[in-house]
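The structure under discussion appears below in the form of structure tokens.
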Protein chains: 2
Amino acid sequence: MATDVLDATFAALADPTRRAILARLREGEATVTELAAPFAMSQPGISKHLRVLERAGLISRGRDAQRRPCRLEAARLRDAVDWLADYRSYWEESYQRLDALLGELDHDGPDATERGTP
Amino acid sequence: MATDVLDATFAALADPTRRAILARLREGEATVTELAAPFAMSQPGISKHLRVLERAGLISRGRDAQRRPCRLEAARLRDAVDWLADYRSYWEESYQRLDALLGELDHDGPDATERGTP
DNA sequence: CGGTTTTATAACCAGACAGTTTTCTACCGC
DNA sequence: GCGGTAGAAAACTGTCTGGTTATAAAACCG
């Protein structure tokens, strides 16, 4: 996965307005004014966010007379998940450690087995 | 999931240096100078990146004499994946559509079965 | 103690970013 | 063609970011 693709994807996702726009687009295509409606923000403000999302490949835009309907392009999100998947074992591992620790404290108390206290 | 947690997490992941630092930390704890070594960047530059990662909860730091070893905290990555998981069906759906289209073109040509053209 | 190592802090800079208002373009309906 | 609507573009602002250098703080070593 190209690093600048991940850069743009994660940067686009780092803004709550843009995440809300993506969430809205799960319900289907929407025009700019439809997307702008829920926000206390000017129309050009929303257009800027849409340009960020488009350049990150997270949305695409059609043409319907004066309207430029936006649609979700979820494939790039999969790229992000693919990157994150490499870390999955690490957060699972920490769960296992926590689990083991709680188990020990619960019925045994900590002992030095496997703990390496030289 | 609190929106500012996701803001900080995705923003932290949007930088290739920081992603490389996280990747390095999968191999175990590392000191600041160890983390800085692979990069053509000053030590304070790396320290700034580490502070961003720490404030996002993606790493934690210990104390070993003058050293401040960093360790990966993968749980926050799981939060990011949890958010992304809500979109999984959307990218899978587009795969299915592509699959169906390719299948059609391959051996049948498009017909109206299961397509709902009223 | 004095010197070295490790890290953090401060001050600064260029550029990107989020937002605004104003203006321009394109298209529709009449 | 004219007026209204949808959206983009431009210009400006304040703030955040990513980087630098120089300096300070803390802990070790001899």
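We name chains A, B, ... by the order of the sequence lines, and we start the count at 1 in each one. Heavy atoms only: backbone and side chains are in, while hydrogens, waters and symmetry mates are out.
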Determine: side-chain N/O of A/Arg18 to OP1/OP2 of C/dA18, distance under 4.0 Å, yes or no. yes
Using heavy-atom distances to pick each residue's nearest nucleotide on DNA chain C, tell me which of A/Asp64 and A/Ala40 is more 5'. A/Ala40
Whole-Å distance, A/Lys48 NZ to C/dC17 C1', equals 8 Å
Would you say B/Arg63 places a side-chain N or O within less than 4.0 Å of OP1 or OP2 belonging to D/dA27? yes
Rounded off to whole Å, could you give me the CG-to-P distance for the A/Leu13 and C/dA18 pair? 13 Å
Taking OP1 and OP2 of D/dG18, is either one under 4.0 Å from a side-chain nitrogen or oxygen of B/Thr17? no
Nearest to the side chain of A/Ser47 - C/dC27, C/dT6, D/dA8? D/dA8
Which of the following nucleotides, D/dG7, C/dA8, D/dT20, is nearest to the side chain of B/Arg68? C/dA8
In whole Å, I'd like the distance from the CG atom of A/Leu50 to the C1' atom of D/dA9. 15 Å
Taking salt bridge (charged side-chain N to carboxylate O under 4.0 Å, His left out) as the definition, give me every residue that meets it alongside B/Arg51, ordered by chain and number, with sequence neighbours left out. none
Would you say CZ of A/Arg26 has more than 12 non-hydrogen atoms from neighbouring residues, nucleotides or ligands within 6.0 angstrom? yes
A/Val52 has a side chain; which of C/dA18, C/dT6, C/dA8 sits nearest to it? C/dA18
Between B/Ser42 and D/dT20, does any side-chain N or O lie under 4.0 Å from OP1 or OP2? yes
Within this structure, what is the CZ-to-C1' distance between B/Arg67 and C/dA8, rounded to whole angstrom? 16 Å
Rounded interatomic separation in angstrom, taking CD1 from A/Ile46 and P from D/dG7: 12 Å
Measure the distance from CD on A/Glu34 to C1' on D/dA6 and round it to the nearest whole Å. 11 Å
Distance below 4.0 Å between A/His49 side-chain N/O and C/dG19 OP1 or OP2: yes
List in chain and number order the residues that pass salt bridge (charged side-chain N to carboxylate O under 4.0 Å, His left out) with B/Asp64, two or more places apart in sequence or in another chain; answer none if no residue qualifies. B/Arg67
Select one nucleotide: of C/dA18, D/dG7, C/dG19, the one nearest the side-chain heavy atoms of A/Gln43. D/dG7
Given C/dT20, C/dT6, D/dG7, which nucleotide is nearest the side-chain atoms of B/Gln66? C/dT6
Could you point out which residue of A/Ile46, A/Leu13, A/Leu50, A/Leu53 forms a side chain to side chain contact (heavy atoms under 4.5 Å, CB included) with A/Arg18? A/Leu53
Over all heavy atoms of both residues, which pair between A/Phe39 and A/Ala20 is shortest? Give the atoms and the distance, please. CZ-CB, 3.6 Å
Interatomic distance, A/Leu35 CG vs D/dA6 P [rounded to whole Å]: 13 Å
Between A/Arg61 and D/dA8, is there a contact of a side-chain N or O with OP1 or OP2 at under 4.0 Å? yes
Is A/Thr33 close enough to D/dG7 that one of its side-chain N or O atoms is under 4.0 Å from OP1 or OP2 there? yes
Between CE of B/Met41 and C1' of D/dT20 the distance, given in whole Å, is 11 Å
